[in-house]
Protein chains: 2
Amino acid sequence: MSADVAARRGIPDASVARLPGYLQALTNFAERGIGSVSSEELATAAGVSSAKLRKDLSHLGSYGVRGVGYEVDRLSYEISTALGLTQDWPVAIIGMGNLGRALAAYSGFATRGFNVIAVLDRDADLVGAAVGEHRIRPMGDLGALVRDDRLAIGVIATPADSAQEVADHLVSAGVRSILNFAPCVLDVPDDVMVRKVDMSTELQILAFHEQRRTGELDLSAQSTVEGVAL
Amino acid sequence: MSADVAARRGIPDASVARLPGYLQALTNFAERGIGSVSSEELATAAGVSSAKLRKDLSHLGSYGVRGVGYEVDRLSYEISTALGLTQDWPVAIIGMGNLGRALAAYSGFATRGFNVIAVLDRDADLVGAAVGEHRIRPMGDLGALVRDDRLAIGVIATPADSAQEVADHLVSAGVRSILNFAPCVLDVPDDVMVRKVDMSTELQILAFHEQRRTGELDLSAQSTVEGVAL
DNA sequence: TAGATTGTTAATCGATTAACAATC
DNA sequence: TAGATTGTTAATCGATTAACAATC
């Protein structure tokens, strides 16, 4: 088996998750007119170690030049290809509350190859209302969006209590990639991939570390007591 | 050293990151009037394996009853305590664009022990404008917020190009926990913790898997060719 | 050629999993 | 006591890191 096929087979999840960061850093270099970078420079810009970067890139193939570094444009292209970003991906956002509207207005999607082709809500009263350039469509339109517009990715921006229902809708319409902003676990078939974004979870993780910080004095006091007990 | 102190010392990062999910599932059980759960039930609700759940909980202490399970209220309390959620955490959101406004309006914060005490923007034209119950404050207020209101967590909701400046501001004001929604790496001192939420990254990871799915036919064709070449 | 930097190897580390003794 | 389920152990797996041979 060629190295190329081996590489394309199994890029570790942890590596895949870092590729977007490398791509972003490369884009910054390109914008600053920098044509070539070393693993050390790129790693620093992406916030990882150079060893990790090189290991990650080695899963894609061998696109650097020893003694020189990586050509920014070339590496950007290779990572984009690996991530499947040479094509545009049609995206639908479901749930037009505050968050859904903010996501629909977010310009960062388009610049990264994601096209918001539709916004939907299950609330009939909202259907037809304008959100930016879109009009809110009913959930029943999902099937047509998958069939006619190759919709492949659904973004759930509803409250937790309707997220599962929306997910079921997406799955039965044929969507197999879901980005879930609702703070709940979704039950989907094995071949459907769900990624979750949860701000409350992130804040709670920060709180854990913040608490540990302020609790450090107490802990050291406790271990002193134990030292005595020993 | 007692098991208790050992537990409090080093809860693995991966376990900490799952605790909020367990807490959420427990809250759901409590709302449904369920007073006791097994590791199997709780794990299913949280979307993990029961072995992983028990291992995670073992880092907190021993709060289950063999042959019976876990008392929902008790375990909720213990996880809340471990995460530092017995107190309310004052939070400030910086950057009052679409996303910042959506986050400020998000009710999920308050219910989980996070209090948005201020919203800020570096744009002088926005300062003073109303956002829900808040008025937008200038960046210069950060110091006072840390001093007088115990602000400990900052949420950056600005575009990427001003995120580093905002981070520097937060750090010099004394904030050491940052949730970053801007798609960029922040350079902060070692004792400052940054967590990042990036929807574009998540979509790109979904795109990778979506592409692999549709590319599967080509790959199997290729390995057939290789089989012949062998 | 000498200097630099990649791509890879091997060692280490941490996380996951399965299995089961402990015990309610 | 018998049945059930926890908490822990030990094995496995995957990810990270350091070091360096390959090579531009």
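Values below: every heavy atom of this structure, side chains too, minus hydrogens, waters and symmetry copies. Letters A, B, ... mirror the listed sequences (proteins, then strands); counts begin at 1.
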Completion exercise
Reading nucleotides 17-24 of chain C from 5' to 3' and marking B where a protein heavy atom lies under 4.0 Å of the base, S where only the sugar-phosphate is that close, and - otherwise, the string is BBB-BBBB
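Whole-Å rounding puts the B:His59 NE2 to C:dA15 C1' distance at 9 Å. Note: CG (B:Asp56) to P (C:dG14) measures 16 Å, nearest angstrom. D:dA15 atom P lies 13 Å from atom CG of A:Leu19, rounded to whole Å. Atom CG of B:Leu60 and atom P of D:dT6 are 15 Å apart (whole Å). As rounded to whole Å, 17 Å separates atom P of D:dT5 from atom CD of B:Glu71. Between B:Glu41 atom CD and D:dA4 atom P there is a gap of 14 Å when expressed in whole angstrom units. C:dG14 atom C1' lies 12 Å from atom CZ of B:Arg18, rounded to whole Å. The nearest whole Å value for the distance from the CG atom in B:Asp13 to the P atom in D:dT16 is 12 Å.
Interatomic distance, CD1 of A:Ile11 versus CZ of B:Arg212, reported as 7.0 Å (0.5 Å rounding).
Side chain of A:Glu165 to main chain of A:Ser162: no donor-acceptor pair is present (N/O by atom type, distance under 3.5 Å, no hydrogens or angles). The closest donor-acceptor contact from the side chain of B:Gln24 to the backbone of A:Pro183 lies under 3.5 Å. B:Gln211 places a side-chain N or O within 3.5 Å of a backbone atom of A:Ala82 that can act as its donor or acceptor partner. A:Asn180 places a side-chain N or O within donor-acceptor distance of the main-chain N or O of A:Cys184, the cut-off being under 3.5 Å.
Side chains of B:Asp56 and B:Tyr22: a donor-acceptor N/O pair is present below 3.5 angstrom, by distance only. Side-chain contact, A:Ser50 with A:Glu40: a donor N or O sits under 3.5 Å from an acceptor N or O.
Checking each of A:Leu203, A:Ile205, A:Val197 against A:Thr201 for a side-chain contact (heavy atoms from CB on, under 4.5 Å) leaves exactly one that passes, namely A:Ile205.
A heavy atom lying under 4.0 Å from DNA chain C marks the following residues of residues 30-39 of chain A, by number: A:Ser38, A:Ser39.
Salt-bridge check for A:Arg176 with B:Glu210: failed, with every basic side-chain N at 4.0 Å or more from each acidic carboxylate O.
Under a cut-off of 6.0 angstrom, the local environment of OH in B:Tyr77 is sparse, with at most 12 non-hydrogen atoms contributed by other residues, nucleotides or ligands.
The two residues A:Ile94 and A:Thr158 make their nearest non-hydrogen contact at O-CG2, 3.6 Å.
Residue B:Tyr70 has no polar side-chain atom (N or O) positioned under 4.0 Å from OP1 or OP2 of D:dA4.
In the helix from C:dG3-D:dC24 to C:dC24-D:dG3, the terminal helix axes, each the rotation mapping four pairs' C1' atoms onto the next four within five end pairs, subtend 10°, rounded to 10°.
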